[in-house]
Amino acid sequence: MGVNINAQAKADSEFLKSLNRLLNVICERIFHLWLHPDWLFKQLPVYDEHQKCIKVLHEFIDQVIQNKREEFQIEKISKIEVDTQYDLGLYKRKTFLDLLITFSGDEKGYTNVELREEMLTLTVAGTDTSAVAIGFTLELLAKYPKIQDKVYQELYEIFDGSERALVKEDLEKMEYLDRVVKESLRLFPPVPFIIRKVLEDTRLPSGNVLPAGSGIMVSIWGIHRDPKYWGPEAEHFDPDRFLPERFNLEHPCCYMPFSSGPRNCLGYQYAMISIKTSLSAILRRYKVVGEPEKGPVPQIRVKLDIMMKSVNGCQVALERRPTK
Ligand code: HEM
């Protein structure tokens, strides 16, 4: 949105606290059936908290949208149309909110409520997910130093041990890091389940019928660790299972950290780029240190908070590596 809430340094930001608490409440509601009916949920004290958090989020985003609309108005008055339409340099500096307003047709486009919904979806879908994936990957690399060495070797060759900035061509060369990230997303998918509504009666291979209108939960975690699809070593951390010659899925949905089908993750390519960019920035400069794992099955305790997170918060130590 183009607003800095300084979340790293200011963990007590009202927006951040409300967002986190709201996600907690939603997660509790998903897993406690008695909290599902609105009439019952609304009788409970947690409902007031839920509404308060929503109010904080809505007011914050509404204010940002309002400011942006005013900014646009001022810009319009001070600029002739041809400038804003064809100045490609300007587009590059635009935020996602700017683009949503402009490309949806400005005042005739998305309403403020529609813009708010888009911004909230993106905030929830696009921030913690990638951070959680980076955290799990670092924790895994601390547990498996030999795998980390191979990642470091690859990065060393790409950057020739220098401090030069990353360019997009470097990302394509990070083939081993790519496999490490994919394997990390398999064993520790930040979004461990998705929820769908059954549109028509559906008979499962077991013979059971899912009646139309019912809600179902698809466990990405469960599919990713099922020996039926991944073999007896399904729980092993083995990035090379993603080597083209070894990767042969029985069904495309056996691997779906970003979901699958028409409502899959909108940001999955961006997520892979940002995860690899962040990891390479850390791993080419620092050795990630932790307690090495005794066996091939990583023991990381997880908790569910809409997203799946590491109970210990992915705590690792960093040791500076020498650079040229
Ligand atoms: C490792 C990082 C990420 C993972 C594991 C992930 C995973 C997912 C999954 C599983 C869904 C489907 C949810 C469902 O069907 O209920 C989803 C949806 C979505 N994701 Fe991601 N995501 C990641 C990063 C991102 C990023 C960086 C963005 C934005 C830049 C993003 C934007 C979205 C959006 C907008 C949707 C909703 C799509 C729709 O409903 O049509 N995601 N994501």
Side-chain angles (χ1 to χ4, degrees), residues 1-3 5 7 19 22-23 26-27 29-31 36 57 61 94-100 103-104 110 114-141 168 171 174 177-199 214-226 239 242 249 251-283 300 302-310 314:
M1 289 186 280
V3 179
I5 61 162
L19 180 60
L22 187 64
L23 293 178
I26 293 171
C27 196
R29 201 173 172 200
I30 291 173
F31 285 99
H36 285 197
L57 300 184
I61 296 185
K94 298 249 181 231
T95 66
F96 185 69
L97 177 58
D98 292 320
L99 297 177
L100 271 185
F103 291 130
S104 72
Y110 284 160
E114 284 168 330
L115 286 172
R116 184 173 77 197
E117 296 307 318
E118 291 298 330
M119 295 323 302
L120 263 178
T121 305
L122 214 75
T123 309
V124 175
T127 43
D128 250 10
T129 40
S130 303
V132 166
I134 291 167
F136 275 124
T137 311
L138 290 176
E139 203 171 343
L140 283 165
L141 290 174
K168 78 174 187 324
L171 291 169
M174 295 176 192
L177 180 60
D178 192 73
R179 296 203 287 280
V180 167
V181 173
K182 285 179 176 156
E183 178 68 339
S184 162
L185 289 171
R186 183 184 73 85
L187 285 174
F188 298 98
V191 182
F193 64 87
I194 51 172
I195 293 172
R196 291 292 183 268
K197 192 169 186 176
V198 180
L199 295 180
S214 50
I216 55 160
M217 188 181 275
V218 180
S219 170
I220 296 177
W221 165 280
I223 296 169
H224 283 184
R225 288 172 176 251
D226 192 335
F242 285 92
L249 291 182
H251 188 282
C253 289
C254 298
Y255 183 66
M256 47 176 223
F258 298 104
S259 182
S260 182
R263 296 303 295 266
N264 76 342
C265 177
L266 217 66
Y268 85 93
Q269 280 172 328
Y270 173 78
M272 286 303 285
I273 290 172
S274 77
I275 292 169
K276 280 162 66 181
T277 301
S278 310
L279 282 173
S280 64
I282 298 170
L283 295 167
I300 300 179
V302 294
K303 61 179 178 182
L304 206 64
D305 205 0
I306 291 276
M307 256 152 265
M308 194 181 65
K309 297 184 178 165
S310 165
C314 294

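Just so you know, these numbers use all the heavy atoms, side chains as well, and skip hydrogens, waters and symmetry mates. What you are looking at is a predicted structure, and each value in this text was computed from that prediction instead of being measured. Ligands are counted one by one from 1 in listed order, and the atoms in each one are counted from 1 as well.
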Legend entry - is_close_aromatic(Y110, F103), centroid dist under 6.0 Å: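 No; F103 has its ring centre 6.0 Å or more from that of Y110.
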
Please check: side-chain N/O of [X] versus main-chain N/O of [Y], any donor-acceptor pairing under 3.5 Å?
| X | Y | result |
| --- | --- | --- |
| S184 | V180 | no |
| D98 | T95 | yes |
| R225 | L187 | yes |

Legend entry - Heavy-atom closest contact (K182 atom, Y255 atom, distance):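 K182 and Y255 have their closest heavy atoms at O-OH, 2.7 Å.
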
Inset, instruction - Calculate, to the nearest 0.5 Å, the distance between atoms CE and CG belonging to M1 and L120 respectively. - result: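 The distance works out to 7.5 Å.
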
Measure from every N or O atom of ligand 1 to the protein's N or O atoms and keep only the pairs below 3.5 Å, writing each with atom names and distance to 0.1 Å.
| unit_1 | atom_1 | unit_2 | atom_2 | d |
| --- | --- | --- | --- | --- |
| ligand 1 | 15 (O) | R196 | NH1 | 3.0 |
| ligand 1 | 15 (O) | R196 | NH2 | 2.6 |
| ligand 1 | 16 (O) | R196 | NH1 | 3.4 |
| ligand 1 | 40 (O) | R263 | NE | 3.1 |
| ligand 1 | 40 (O) | R263 | NH2 | 2.8 |
| ligand 1 | 41 (O) | R263 | NE | 2.7 |
| ligand 1 | 41 (O) | R263 | NH2 | 3.4 |
| ligand 1 | 42 (N) | A125 | O | 3.3 |

